[in-house]
Colleague: 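Pasting a structure here, questions to come.
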2 protein chains.
Amino acid sequence: MNRKEIQEERMKNYFIDATKEIITGEGIKALSVRSIAEKAGYSFATLYNYFKDVKDLIFYCVQDFSQECREYVVSRTENEERGIPKIKKIVKSYVEYMVQYPGIFDLFYVEKIATDGTSLSASDIVVKFIDELCEEELQYCIAQGTFRPGEAIEIMSNIRNSIIGILLLYMNRQHPKSYYDFVVSVNRQLDRIID
Amino acid sequence: MNRKEIQEERMKNYFIDATKEIITGEGIKALSVRSIAEKAGYSFATLYNYFKDVKDLIFYCVQDFSQECREYVVSRTENEERGIPKIKKIVKSYVEYMVQYPGIFDLFYVEKIATDGTSLSASDIVVKFIDELCEEELQYCIAQGTFRPGEAIEIMSNIRNSIIGILLLYMNRQHPKSYYDFVVSVNRQLDRIID
DNA sequence: TTTGAAAAATTAACATTGTTCAGTATATTT
DNA sequence: AAATATACTGAACAATGTTAATTTTTCAAA
């Protein structure tokens, strides 16, 4: 990386960090080109020298957040008993993270991010995200003979769909009303799907 | 209903119908106060004489659409064999309807519709919608001894969450890529959850 | 060190969005 | 017919994303 690339990278990061701060802080509704630029310490027009448009900028945030979420999940689950208990714990940690940062959930699943080919990659990251978090442990279960390979795929699909559905209803439609009921509901679903 | 109320009702319907046409036709992204008013044949400002704001107007559409969807599902399932096959068919018809009108799916689950108490009712309608469609047939299954009551609740939760999740990923994140794969995926999930 | 051209940053502007308000036209009542 | 109430509308506002023109900064060559 030459001098110019380093500087450009740095500038990009100023905007990316500002965006991430707003999303985790005030939430996605507070996000605007102007609010980002202000937090980054530049004019809103400067942003367009480094990103094609605001969707492009947000794409970088998706990558960063998925990495952060992955780290959170790993840190919360590394000492968990392997196999089914660990899969459950991974999913629960993932849910915790999303509830903690509703803006990230919006970004991942709710916000419309693409019509053209560029952003398909953002969709790809997001769609396979839960599966990826569980991948290693699922392989472990298959190796242990807990699941057959075909069965594992079906279980994972069911977990993925259910969790995204239940999160959407909780975050976007306030159902269930309380966080406690929500957690109970998540646990029950997981028990039903896996056991 | 006196003269005045009849007229007010009629005016409301002009705007509601215009909104519904745009949502089912051009989709939710084409929806604006001005596009609605133009289609209704009035100024955009007139809209505010009949609706508190655009969210209020949209609430009426949610009610109408859920009624239309209900009728669609009934018409597609009335001759189906009762019990589990009928439940599956109801859910599949519901999914068909949503895929046909992505704007309605957006409206039901994706669009942010409320912070205050008024719109909680819109959320309520939407959250319990799939459950309600299956309610009668689920009771039939319980009466037949196919499910225990507690089990039925868990199954319904799993269906609801999974279907909303799978629809969200298909509509918002183009996963699976093809409609065929999507249908296969829906069928597999249903089989897994119910059988 | 000065100069001049390339790069970067900013201001101004545009087209949309939802919403409000002051005014005008229409309908109703006296 | 005049007075009053109702219905409707266009202008205006604030906020949105984006683009173009313009100013400021950078930095190598003279």
Side-chain angles (χ1 to χ4, degrees), chain A residues 1-19 22-23 26-61 103 106-107 110-116 118-119 122, chain B residues 1-19 22-23 26-61 103 106-107 110-116 118-119 122:
Chain A
M1 261 205 316
N2 61 27
R3 208 179 321 198
K4 190 173 180 172
E5 286 172 329
I6 291 170
Q7 290 172 357
E8 192 171 320
E9 190 74 10
R10 246 201 288 268
M11 284 296 293
K12 277 194 164 190
N13 278 327
Y14 295 150
F15 288 105
I16 292 168
D17 290 343
T19 308
I22 293 171
I23 291 175
E26 299 109 275
I28 236 179
K29 68 164 183 43
L31 203 67
S32 77
V33 169
R34 284 166 176 81
S35 69
I36 294 168
E38 190 185 11
K39 187 150 265 182
Y42 287 94
S43 158
F44 55 86
T46 308
L47 190 150
Y48 289 92
N49 293 333
Y50 298 92
F51 303 93
K52 186 177 137 285
D53 52 30
V54 74
K55 304 278 185 194
D56 184 27
L57 166 55
I58 285 173
F59 172 66
Y60 288 94
C61 297
D106 273 6
L107 191 60
V110 178
E111 206 72 6
K112 312 252 187 285
I113 44 181
T115 49
D116 58 345
T118 322
S119 49
Chain B
M1 262 204 314
N2 62 26
R3 210 181 316 203
K4 190 174 180 172
E5 285 172 329
I6 291 171
Q7 290 172 357
E8 192 171 319
E9 191 74 10
R10 246 202 288 269
M11 284 296 291
K12 276 193 165 193
N13 277 327
Y14 294 150
F15 288 105
I16 292 168
D17 290 343
T19 308
I22 293 171
I23 291 175
E26 299 109 274
I28 238 180
K29 67 166 183 46
L31 203 66
S32 76
V33 169
R34 284 165 176 81
S35 69
I36 293 168
E38 189 186 12
K39 187 151 262 180
Y42 287 93
S43 158
F44 54 84
T46 308
L47 191 151
Y48 289 91
N49 293 332
Y50 297 94
F51 303 93
K52 183 178 138 285
D53 53 30
V54 76
K55 304 278 184 194
D56 184 28
L57 166 54
I58 284 173
F59 172 66
Y60 289 93
C61 296
D106 274 3
L107 190 59
V110 178
E111 205 72 7
K112 312 249 186 289
I113 42 180
T115 49
D116 58 345
T118 322
S119 47

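First the proteins, then the strands, lettered A, B, ... as listed; each starts at 1.
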Colleague: Sequence neighbours excluded, which residues qualify as side-chain contact (heavy atoms from CB on, under 4.5 Å) partners of B:Asn49?
Modeller: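 Testing B:Asn49 for side-chain contact (heavy atoms from CB on, under 4.5 Å), a comparison that skips the adjacent residues, returns B:Thr46.
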Colleague: Grab the two heavy atoms, one from A:Ile36 and one from A:Ala18, that are nearest each other, plus how far apart they are.
Modeller: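 Minimum heavy-atom separation between A:Ile36 and A:Ala18: O-CB, 3.6 Å.
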Colleague: Which residues pass the side chain to side chain donor-acceptor pair (under 3.5 Å) test with A:Lys12, not counting sequence neighbours?
Modeller: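 Counting only residues at least two positions away or on another chain, A:Lys12 forms a side chain to side chain donor-acceptor pair (under 3.5 Å) with A:Tyr60.
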Colleague: Taking only residues two or more places apart in sequence or in another chain, which ones pass ring-ring contact (aromatic ring centres under 6.0 Å, His included) with B:Tyr50?
Modeller: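 Per chain and number, B:Tyr50 pairs via ring-ring contact (aromatic ring centres under 6.0 Å, His included) with no residue.
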Colleague: Atom CE of B:Met11 to atom P of D:dT6: distance rounded to whole Å?
Modeller: 16 Å
Colleague: Quick check on the helix from C:dT1-D:dA30 to C:dT30-D:dA1: what's the angle between its two end axes, five base pairs per end, to the nearest 10°?
Modeller: 30°
Colleague: Could you encode protein contacts along nucleotides 23-30 of chain C as a string, one character per nucleotide from 5' to 3', using B for base contact, S for sugar-phosphate-only contact and - for no contact, with a heavy-atom cut-off of under 4.0 Å?
Modeller: --------
Colleague: In whole Å, what is the span from the CG atom of B:Asp56 to the P atom of C:dT19?
Modeller: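 Roughly 10 Å, once rounded to whole Å.
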Colleague: Without decimals, in angstroms, what is the distance between B:Tyr14 OH and D:dC8 P?
Modeller: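 After rounding, the gap between these two atoms is 10 Å.
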Colleague: Checking A:Tyr48 now: which residues fulfil ring-ring contact (aromatic ring centres under 6.0 Å, His included) with it, not counting sequence neighbours?
Modeller: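 So A:Tyr48 forms no ring-ring contact (aromatic ring centres under 6.0 Å, His included) with any residue.
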Colleague: Using atom NZ of A:Lys52 as one end and atom P of D:dG17 as the other, report the distance to the nearest whole Å.
Modeller: 15 Å
Colleague: Using OP1 and OP2 only, check whether a side-chain N or O of A:Tyr50 sits under 4.0 Å from C:dA9.
Modeller: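 For A:Tyr50, the contact criterion (side-chain N or O under 4.0 Å from OP1 or OP2 of C:dA9) is met.
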Colleague: Suppose we screen for side-chain contact (heavy atoms from CB on, under 4.5 Å). Which residues come up paired with A:Phe44, at least two apart in sequence or across chains?
Modeller: A:Val33, A:Arg34, A:Ala37
Colleague: Can you name the residues that form a ring-ring contact (aromatic ring centres under 6.0 Å, His included) with B:Tyr14, not counting sequence neighbours?
Modeller: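 With sequence neighbours excluded, B:Tyr14 shows a ring-ring contact (aromatic ring centres under 6.0 Å, His included) to no residue whatsoever.
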Colleague: Output the rounded distance in Å from NZ (B:Lys12) to P (D:dC8).
Modeller: 14 Å
Colleague: So, using side chain to side chain donor-acceptor pair (under 3.5 Å) as the criterion, who are the partners of A:Ser43 when residues are at least two apart?
Modeller: none
Colleague: Could you measure the distance from the CG atom of B:Leu57 to the CG atom of B:Leu31? Nearest 0.5 Å is fine.
Modeller: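 B:Leu57 CG to B:Leu31 CG: 7.5 Å, rounded to 0.5 Å.
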Colleague: By a strict heavy-atom criterion of less than 4.0 Å, which residues belonging to residues 29-37 of chain A are in contact with DNA chain D?
Modeller: A:Leu31, A:Ser32, A:Val33, A:Arg34
Colleague: Rounded to the Å, how far apart are A:Ile6 CD1 and D:dT26 P?
Modeller: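 Answer to the nearest Å: 18 Å.
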Colleague: Using whole Å, report how far NZ of B:Lys112 lies from C1' of C:dG18.
Modeller: 18 Å
Colleague: Using atom CG of B:Leu47 as one end and atom C1' of D:dG10 as the other, report the distance to the nearest whole Å.
Modeller: 15 Å
Colleague: Got a sec? Which of residues 38-46 of chain A come in under 4.0 Å of DNA chain C, heavy atoms?
Modeller: A:Tyr42, A:Ser43, A:Phe44, A:Ala45, A:Thr46
Colleague: At less than 3.5 Å, do the side-chain atoms of A:Asn49 and the base atoms of C:dA9 form a donor-acceptor pair?
Modeller: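 Yes, a donor-acceptor pair under 3.5 Å.
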Colleague: Within the 4.5 Å heavy-atom criterion, are A:Lys112 and B:Val110 side-chain neighbours or not?
Modeller: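 Sidechains of B:Val110 and A:Lys112: in contact.
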Colleague: With a 3.5 Å distance limit and no angle check, can you tell me whether A:Thr19 reaches the backbone of A:Ile58 through a side-chain donor-acceptor pair?
Modeller: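 No, the answer is negative, given that no donor and acceptor are paired below the 3.5 Å cut-off.
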Colleague: Hey, does A:Leu47 have a side-chain heavy atom less than 4.5 Å from the side chain of A:Tyr42?
Modeller: no
Colleague: Test side-chain contact (heavy atoms from CB on, under 4.5 Å) on B:Phe59 and B:Lys55 and set out the steps.
Modeller: CA-CA 6 Å; B:Phe59 172 66; B:Lys55 304 278 184 194; over 6 Å; no
Colleague: Among residues at least two apart in sequence or on other chains, which ones pass salt bridge (Lys or Arg N to Asp or Glu O under 4.0 Å) with B:Glu26?
Modeller: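 B:Glu26 satisfies salt bridge (Lys or Arg N to Asp or Glu O under 4.0 Å) with B:Lys39 only.
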